[in-house]
Amino acid sequence: MDIDLKVKNLSAYFGQKKILDSISLEIPSRSIVAIIGPSGCGKSTFLRTINRMNDRFDDFHSTGSIIFKGRDTMEYPVEELRKEIGMVFQKPNPFPKSIYENVVFGLKIQGIRDKKILDEKANQSLMAASLYEEVKDRLSTNAYKLSGGQQQRLCIARALAVSPKILLLDEPTSAIDPIATKQIENVLKNIKKDITIVIVTHNINQAARIADYVAFFYMGRLIEFGKSEKVLNSPAEKLTEEYLTGTYG
Amino acid sequence: MKSTIDRLISVSGLTSIAIIAAITFFLFYNWIPLFDTVDPIGFFFGTLWYPTAIPPLYGILPLLDATIWISVLAILITIPSAFVIAVFITYIVPKKMRYILKTFLEIFSSIPSVILGLIGLSIVAPYFQNVLNMDTGQNILNAAIMLSLITIPMPASMMEDFISAFSPDQKEGSQALGANEFETLTKVVIPGLKGPFASITMLSLGRIFGETMIVLMVAGNAAIFPSNIFQPARVLSSTIAAEMGETPVGTPHFYALFGIGAILFVITFLINIAGETIRFRYERQMMK
Amino acid sequence: MLKQRMLKQRIAFLILSIISIGILISMGSIFAIIFVNGFSVLNWNFLTSITSFDFKGMPHGGIGPAIVGTFMVTGLGLAFAVPVGVISGIFLSEYKNRGKLFNFLRMMVANLAGVPSVVHGLFGLAVFVVLFRFGFSILSSALTLSILALPIIIMTTENAMRDVPNELREGAFALGSKRWQSALMVVFPVSLPKVLTGIILASARIAGETAPILFTGATLYLAHFPTALNQQFMALPYTIYGLMTTSINIEASTNFAYGIAFVLIALITLMNITVMIFRSIKRKMEV
């Protein structure tokens with residue numbers, strides 16, 4: 001089994017406050033890893049530490065290491081890292097541009113101007129995100145005209161267009177209706193043959209539906225990590241069990 | 001990794017600092033040579049401003065005195081008026097009127113000051129002279145009124161923002177204790193907004209202090225020590241405007257006018273910093 | 001007791017209302033005075049032809065050169081101020097948006113906005129007219145006015161960019177954007193309408209300024225339309241001042257001045273109304 005991301009003793013702080021406490025975790029290639037846990041357990045911070053989204057906060061710092069393709073993520077130029085590790089956010093955040101411009105944005109900022117490459121990539125990504133059929137005749141309309149679910153799939157397409165190795169998703173369906181959620185889950189299951197997916201979710205059923213592996217976070221610590229059937233059905237830790245059975249959350 | 005464009009933007013971002021520094025430098029650079037020929041004491045404390053007499057006299061005290069007269073009078077008219085209008089808009093007029101009145105104030109404040117000068121000169125001055133029988137209509141009072149009119153919209157609009165945003169729960173808390181709107185205003189809102197009002201007053205004062213055209217046109221331009229508000233006066237800013245056009249570059253008179261400019265610049269700078277500091281302190285207090 | 005307190009409030013609010021309405025009416029009457037006096041002077045000839053003075057100092061003809069002059073210095077001033085101002089605003093919003101340097105920079109911008117306009121005039125004289133040898137010219141005046149416009153443009157750009165939701169920045173960064181790419185390609189286009197309103201307000205402000213052009217290039221009398229940037233020029237606000245303070249024939253000059261005031265206020269109010277329309281469209285779009 002290939003390992004894409006090796007997290008070792010990762011701790012993270014906002015100011016004096018410790019948000020993550022010595023997380024160690026290995027993320028296998030071409031799988032879906034779901035991160036679950038009660039709100040405030042640090043799962044979002046963990047995700048945002050992987051592609052260094054938290055770097056722009058002055059009071060954020062982290063210790064330990066995250067190894068990606070044999071190198072510590074801190075050694076990459078941050079733009080390079082983010083091209084390799086894409087991200088989709090909780091609230092769909094398309095740019096107020098056309099659907100087409102949204103998808104090719106990541107390519108354009110790399111300086112790719114060749115219309116043929118851009119078109120091809122745009123179509124591929126929209127297809128991968130199961131959005132192509134719905135928008136192929138109106139690629140030049142503003143992305144804000146799309147429904148919430150379509151916007152979120154557009155954001156997935158936008159992230160896929162730059163061909164990342166890993167895609168991080170931060171509760172991508174929490175602002176979306178059940179049908180659209182289903183569509184997004186299907187998209188994720190389809191694309192995992194090419195790409196590693198790490199998804200934060202507060203929805204245990206979602207984790208059960210799509211994840212190969214599940215990591216349970218509690219108060220900044222990784223309590224349990226393993227195959228999803230194992231963690232969700234017969235957890236080794238009492239905390240995990242209490243969370244799954246709804247004692248708190 | 002900073003790209004070239006990032007660096008370019010960072011350099012441009014510092015332009016304002018460079019300009020402030022350049023303004024300071026050139027004002028002083030063109031002022032200092034004055035003291036080759038003129039005694040500093042005669043400049044700062046001289047009581048006569050006769051720049052074209054022989055020998056010329058460059059005493060700025062009468063100009064400073066007149067500036068204080070006009071500024072104080074104008075601020076005494078401006079701030080209470082602005083406050084009254086702010087209360088009027090917040091508490092008395094219907095909600096719909098609020099937007100219309102604030103828009104009106106904004107448009108009014110964009111009237112060029114030279115037009116207020118025109119009104120002061122062609123309407124107010126003859127009225128003062130012919131109807132109210134003043135010796136001259138071009139005097140401190142006229143200038144202060146026109147200055148206030150052009151200044152009022154800014155503090156009025158800012159005060160209105162503060163009064164209507166002043167934490168509603170505090171207002172409700174007071175009203176729950178049985179206070180009516182007016183009592184809430186005088187006992188809760190005004191004491192709570194001392195900081196912002198002080199800061200707004202400073203900002204208004206800075207504007208009044210540096211305003212040139214109105215005073216130049218309607219204050220009568222006599223460089224004397226006024227003894228009441230019905231007398232003409234000449235202030236720092238209008239002296240520069242009135243005389244620089246006919247002053248040869250590099251003469252003591254030229255340097256003296258730059259000296260006045262430097263003084264004007266430093267005083268408004270201090271007034272504005274005071275205003276900003278008060279505001280900053282208030283905002284921090286609110287954050288706690 | 002309660003009645004007495006309510007009565008107190010009524011009386012207080014009545015007095016406040018009377019004073020407010022009085023002030024607002026006097027403000028409104030200024031518009032009315034200019035409209036009535038100015039409108040009677042207006043005609044095509046007044047707007048387009050060259051000004052001339054007879055031997056009694058009476059103005060004749062029109063204000064064509066002053067209109068052209070005002071447009072030229074305002075336009076040129078903006079051309080200098082907009083790029084620098086917008087980039088500075090971007091810097092404050094997207095680069096140094098907190099910390100000591102930021103607070104200092106912001107205070108400097110606020111202070112620059114508070115510099116008396118006559119001091120700008122002195123600076124323009126010392127730097128553009130004398131040091132750079134641009135002389136008394138459209139160019140010197142435009143540069144001086146551009147410094148006046150700068151802080152207005154910086155502040156509106158900064159605020160406009162700050163209003164753009166952070167999600168968009170994060171979206172751009174997550175795709176590997178550099179800071180300038182996120183700032184210029186994502187955030188700036190969204191804030192553009194608000195930036196434009198700032199630019200219009202800045203132009204309305206500098207079009208009406210007199211003190212900065214007094215000794216950097218404006219002149220009371222020009223026998224022709226301006227043709228080059230190194231020439232002196234007539235400007236609407238300066239001509240009002242000149243007519244009211246140097247003319248011998250006060251009555252005729254006053255009428256003429258009101259005509260100019262009308263044109264100037266119409267111009268500035270038009271810009272303001274454009275801004276209002278911009279804002280209301282923006283509001284409707286957000287609802």
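First the proteins, then the strands, lettered A, B, ... as listed; each starts at 1.
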(request) Specify whether B:Phe182 and C:Phe13 have parallel, tilted or perpendicular ring planes, treating 30° as the upper limit for parallel and 60° as the lower limit for perpendicular. (result) perpendicular
(request) Kindly compute the distance separating OG (C:Ser88) from CD1 (B:Ile19), expressed to the nearest 0.5 Å. (result) 8.0 Å
(request) Select, from B:Ile123, B:Ile23, B:Thr15, the one with the greatest count of heavy-atom pairs under 4.5 Å involving chain C. (result) B:Ile23
(request) Check whether B:Tyr29 gets within reach of chain C through its side chain, its backbone, both or neither, counting any heavy atom under 4.5 Å. (result) neither
(message) Taking side chain as everything from C-beta outward and backbone as N, CA, C, O, which of these in C:Arg179 sits under 4.5 Å from a heavy atom of chain B? Side chain, backbone, both or neither.
(response) both
(message) With rounding to the nearest 0.5 angstrom, report the CG to CE distance, B:Asn272 to C:Met108.
(response) 10.5 Å
(request) Answer with side chain, backbone, both or neither: which region of C:Leu264 has an atom nearer than 4.5 Å to a non-hydrogen atom of chain B? (result) side chain
(request) Side chain from CB out, backbone as N, CA, C, O: work out which of these in C:Leu214 comes under 4.5 Å of a heavy atom of chain B, or both, or neither. (result) side chain
(request) Measure C:Val118 against the heavy atoms of chain B and call it side chain, backbone, both or neither at under 4.5 Å. (result) both
(request) Nearest 0.5 Å please: distance from the OG atom of C:Ser17 over to the OH atom of B:Tyr91. (result) 13.5 Å
(message) Quick check on the interface: out of C:Val84, C:Leu201, C:Leu125, C:Thr269, who has the most heavy-atom pairs with chain B under 4.5 Å?
(response) C:Leu125
(request) Give, as side chain, backbone, both or neither, the part of B:Ile115 having an atom under 4.5 angstrom from any heavy atom of chain C. (result) side chain
(message) With rounding to the nearest 0.5 angstrom, report the CD1 to CG distance, B:Ile92 to C:Leu14.
(response) 8.5 Å
(request) Select one option (side chain, backbone, both, neither) describing which atoms of C:Phe136 are under 4.5 Å from chain B's heavy atoms. (result) neither
(request) Answer with side chain, backbone, both or neither: which region of C:Ile154 has an atom nearer than 4.5 Å to a non-hydrogen atom of chain B? (result) side chain
(request) Please look at B:Val249 and chain C and tell me whether the side chain, the backbone, both or neither of the residue comes under 4.5 angstrom of a heavy atom of that chain. (result) side chain
(message) To the closest 0.5 Å, what do you measure between CD1 (C:Ile240) and CG (B:Leu121)?
(response) 12.0 Å
(request) Examine whether an atom of C:Leu122 lies under 4.5 Å from a heavy atom of chain B, and if so say whether it belongs to the side chain, the backbone or both; otherwise answer neither. (result) both
(request) Search all heavy atoms of C:Gly28 against all heavy atoms of B:Phe104 and return the closest pair with its distance. (result) N-CZ, 3.7 Å
(message) For B:Ala241 versus C:Phe215, what's the shortest heavy-atom pair and its separation?
(response) CA-CE2, 3.9 Å
(message) Counting heavy-atom pairs under 4.5 Å with chain B, which one of C:Ile268, C:Leu92, C:Leu236, C:Val109 comes out on top?
(response) C:Ile268
(request) Could you tell me which portion of C:Leu131 (side chain, backbone, both or neither) has an atom closer than 4.5 angstrom to a non-hydrogen atom of chain B? (result) side chain
(message) Counting only non-hydrogen atoms closer than 4.5 Å, does B:Phe209 touch chain C with its backbone (N, CA, C, O), its side chain (CB onward), both, or neither?
(response) neither
(request) Go through the atoms of C:Phe104 and report whether side chain, backbone, both or neither lie under 4.5 Å from a heavy atom of chain B. (result) side chain
(request) Let me know if C:Asn111 has heavy atoms under 4.5 Å from chain B in its side chain, its backbone, both or neither. (result) both
(request) Check B:Pro112 against C:Gly208 and note the closest heavy-atom contact, atom names and distance. (result) CB-O, 3.3 Å
(message) Is C:Ile260 in contact with chain B via its backbone, its side chain, both, or neither, using a 4.5 Å heavy-atom distance?
(response) neither
(message) Which atoms of B:Leu27 are under 4.5 Å from chain C, going by heavy atoms: the side chain, the backbone, both sets, or neither?
(response) side chain
(request) For each of B:Met217, B:Arg207, B:Glu106, B:Glu211, tally heavy-atom pairs with chain C at distances under 4.5 Å, and name the one with the top tally. (result) B:Glu106
(message) Tell me the closest heavy-atom pair linking C:Ile23 and B:Ser81, and the distance in Å.
(response) CD1-CB, 3.4 Å
(message) Counting only non-hydrogen atoms closer than 4.5 Å, does B:Ala86 touch chain C with its backbone (N, CA, C, O), its side chain (CB onward), both, or neither?
(response) neither
(request) Grab the two heavy atoms, one from C:Ser20 and one from B:Phe88, that are nearest each other, plus how far apart they are. (result) OG-CB, 3.1 Å
(request) Report the distance from atom CD1 of C:Ile30 to atom CE of B:Met146, rounding to the nearest 0.5 Å. (result) 4.5 Å
(message) Can you give me the closest heavy-atom contact between C:Ala261 and B:Leu118, atom names plus distance?
(response) CB-CD2, 3.8 Å
(message) Less than 4.5 Å apart, side chain to side chain, heavy atoms only: is that true for B:Phe26 and C:Val130?
(response) no
(request) Among B:Leu203, B:Leu14, B:Ile20, single out the residue with the greatest number of heavy-atom pairs under 4.5 Å to chain C. (result) B:Ile20
(message) Can you tell me which portion of C:Ile87 sits under 4.5 Å from chain B's heavy atoms? Options are side chain, backbone, both or neither.
(response) both
